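Each remark here refers to the structure printed beneath this line.
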Amino acid sequence: MIGFTAPLALWLLPLAGLPLLTRWLRASAVPRLDLRPAEGASRTVDHGMTAAGVIALAALILGLAGPFLRGGTAPYRGNGTNLVLLIDRSSSMDDTFAGRAPDGAEESKSAAARRILQNFIAERPDDRIGIAAFSTAPLQVLPMTTSRTAIAAAIAAQGERGLSQTDVGRGLALAMQMTRDASGLGSRAVVLVSDGAAVVPPEVQDLVRELALEQQVNLYWLYLRTAGARSIFDPGKPGEADTPQTRPERHLHLLLQRLGITYRAFEAESPEAVVEAVAEIGKMETKPILTERSLPRRELGWLCFLIATLATLALTAARWLERPFAPARPAPLVRQP
Amino acid sequence: MTAELHLFDALAWRMSKAQAGLRQGVHRGRTRGAGEAFADIAPLLAHPDARRLDMRRSLTDPLGGFFVRRFERPTDITLHILVDGSASLAAGASSDPQGLAALLAGGLAQAARRGGDLAAVQAVGGATVLAASPSARHAGLGEEVRQMIAQLTPAGSGIGGLVDAASALPLRRVLVALVSDFNLSETELDALLASLDPRPVLPFWLRDSGLEEPPSAFGLAEVRDPESGRRRTLLTTRRWAARQAEAGRRHRTALRAIFASHGLQPIEIRDSIDIDQVIAALDEVSL
């Protein structure tokens, strides 16, 4: 769509018809043009000059009106996915993988996750990404968008100190709801980044199950395991207590496995392992996706002025080439002997 | 100014046919009377002029009748100068067509006066008569006519007015001098000459070498037809100039053929008047 910064100038456009009424070159009188042979080249030049005049004026007036192409979004088929990053904001994320407060040598789990996720999204330009966080309550940080700057800022904003609780069940529900905004074509994925879990109440389990079936999301759990914590894949020794209260991570894993959707869990005990896991997720979530590309507003005034300049140059050249049909040098009336 | 007009004093035209007319002039007359050219012999009773008794014829007449010699009474004619004053008369490059037409009309009027003929002028542009003067023979007529033609504003297009004026001219005792640039199509010229037809006609063709053969320099020339007002931009090249000149030559040849088909040979005036050429042409032409 074309817009104008000064649309009032368009009222001058009828002036562009002036070259149709007047001529550009000075005329010499030559009787009975209809009896003289007409040539195709001359006719072309004739029409071309009128056209150049009209174009020059019209382009000038259009240029004065300041045309621009409105920005917008254009649908575009890329390779990627509709991705919701569900980030754990519990306070334990602020510890290092070793379970200590971060010092200069080791970064915290959340800092490592942020850094790795930033790199991850930077390499995937076609993804539509939404961000949700959870701690005491789930929080939608950023609805699904293609804006890279918004995504990067939203991830960076997760650097604030976390809260105490871990409401992972409702966080999952929120993340799955957010995938409703996904584009029609393309897969949907939720990446849960957390270092722990909590008991998921039965009603929330039902909600998560329903949403998972409805949205058919691919679920990835990037479990940042602190040193010493039990693995989610470890079934435990026989006779050992295996309840959601004692081992919430393992039972969350079991719950997610039972959802009936593509699910994969990654355990990472170091930033390197996180990088590997994220790369693996990236490989699995590269599918055709219908996304949109934002188009910036584009000024077209220069184009108008360029056209006007070219047309004016053509008219100037015509003036430069102008000559009378025949030089007016009347002979004396009576020939002198 | 008048010096140029006097160059035309030597101009004379001789009519091939005897003209009916009573007024004294220099052309062969059809009436009998006092003159220098012998016409015939008539009985004295029929033509009672004893001064011109033909003694030889009377004496040898077996019946004893008396006969007199009769002479052609010279008479005058009216020179009708018809000037094509359509807008193209103002268009000239190597010539001044209006000045030429004015000088020619004035000179012809002057010559007519000198030769004892009357001169009438009509300048017609398009469908209107732009200027006219009745047949006259007074002193200063040439200059008057010249001024009249020089001061009119050429206007109009087509030959409608000229054809009307030509048809309205008298059929006898008249010589028509048609002064025009003959920027006409063949059919138009044919119609114009046909409208003049039984009358003796002296066509003066004002030609302009600049318009006929435009220079071949490369460039753009804007032209305007003074009659139709149509404008056109031309890309002038050597080839274009050659084609224009060639087309002009072909057109003039065709026009000459039309003149010839009416028994006429135009007196072509290219850029300026060559009096000697005009006099020679008038000597040759049969009217």
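Source: prediction; values computed, not measured. So you know, we letter chains A, B, ... as the sequences are listed, proteins then strands, and number each from 1.
By the 4.0 Å N-to-carboxylate-O rule, B:Glu212 lies close enough to B:Arg207 to be salt-bridged with it. Salt-bridge annotation for B:Asp9 and B:Arg114: present, with a side-chain N of the basic residue lying under 4.0 Å from a carboxylate O of the acidic one.
No side-chain donor from either of B:Ser157 and B:Ser86 sits under 3.5 Å from a side-chain acceptor of the other. B:Ser209 and B:Asp271 form a side-chain donor-acceptor contact under 3.5 Å, judged by distance and modelled atom types alone. The closest side-chain donor-acceptor pair between B:Glu222 and A:Ser28, if any, does not fall under 3.5 angstrom. Side-chain atoms of A:Ser147 and A:Thr145 include no donor-acceptor pair closer than 3.5 Å. Counting only N and O atoms by type, the side chains of B:His6 and B:Gln110 include a donor and acceptor under 3.5 Å apart. For A:Arg188 and A:Gln216, the side-chain atoms include no donor-acceptor pair closer than 3.5 Å.
Of the listed residues B:Arg232, B:Gln277, B:Arg230, the one with more heavy-atom pairs under 4.5 angstrom with chain A than any other is B:Arg232. Of the residues considered (B:Glu213, B:Arg224, B:Arg243, B:Glu227), B:Arg224 shows the highest number of contacts with chain A, using heavy-atom pairs under 4.5 Å. With chain A as partner, the option from B:Ile269, B:Leu184, B:Asp208 having the largest number of non-hydrogen pairs under 4.5 angstrom is B:Leu184. For the options B:Asp225, B:Leu89, B:Asn183, heavy-atom pairs under 4.5 Å to chain A are most numerous at B:Asp225. Looking only at heavy-atom pairs under 4.5 Å with chain B, the residue among A:Glu322, A:Arg23, A:Arg319 that has the most is A:Arg23. Residue with the most contacts toward chain A among B:Ile275, B:Leu235, B:Ile273, B:Leu104: B:Ile273 (heavy-atom pairs, distance under 4.5 Å). Counting heavy-atom pairs closer than 4.5 Å to chain A, the top residue among B:Thr236, B:Asp276, B:Thr237 is B:Thr236.
With a 4.5 angstrom heavy-atom cutoff, A:Glu39 touches chain B only via side-chain atoms. Heavy atoms closer than 4.5 Å to chain B are found in both the backbone and the side chain of A:Arg323. Contact of B:Leu211 with chain A is made through backbone and side chain together, with heavy-atom distances under 4.5 Å. The contact between B:Glu188 and chain A is made entirely by side chain atoms (from C-beta outward), counting heavy-atom distances below 4.5 Å. For a residue to count as touching a neighbouring chain, one of its non-hydrogen atoms must lie under 4.5 Å from one of that chain's; by this rule A:Leu35 touches chain B with the side chain only. Heavy atoms closer than 4.5 Å to chain A are found in the backbone of B:Ser95, but not in its side chain. If you measure heavy-atom distances from A:Pro37 to chain B, the contacts under 4.5 Å come from both the backbone and the side chain. Both the backbone and the side chain of B:Ala217 come within less than 4.5 Å of a heavy atom in chain A. The contact between A:Pro327 and chain B is made by backbone and side chain atoms together, counting heavy-atom distances below 4.5 Å.
Atom CG of A:Leu60 is separated from atom SG of A:Cys304 by 9.5 Å, given to the nearest 0.5 angstrom.
Put simply, the side chain of A:Ser42 never gets that close to the backbone of A:Ala38: no donor and acceptor are under 3.5 Å apart. For A:Thr50 (side chain) and A:Asp46 (main-chain N/O), a donor-acceptor pair under 3.5 Å exists by modelled atom type.
When the heavy atoms of residues 249-260 of chain B are compared with those of chain A, the residues falling under 4.5 Å are B:His251, listed by number.
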Check the pair B:Ser88, B:Asp181 against side-chain hydrogen bond (donor to acceptor under 3.5 Å, both in side chains), reporting the backbone distance first and the verdict last.
-> CA-CA 8 Å; B:Ser88 64; B:Asp181 48 18; 2.8 Å; yes
Could you please spell out the steps behind the salt bridge (charged side-chain N to carboxylate O under 4.0 Å, His left out) verdict for B:Glu268 and B:Arg270?
-> CA-CA 6 Å; B:Glu268 299 187 17; B:Arg270 202 154 180 267; over 6 Å; no
Is there a salt bridge (charged side-chain N to carboxylate O under 4.0 Å, His left out) between A:Arg32 and A:Asp34 once you walk through the steps?
-> CA-CA 5 Å; A:Arg32 292 313 289 262; A:Asp34 50 332; 3.1 Å; yes
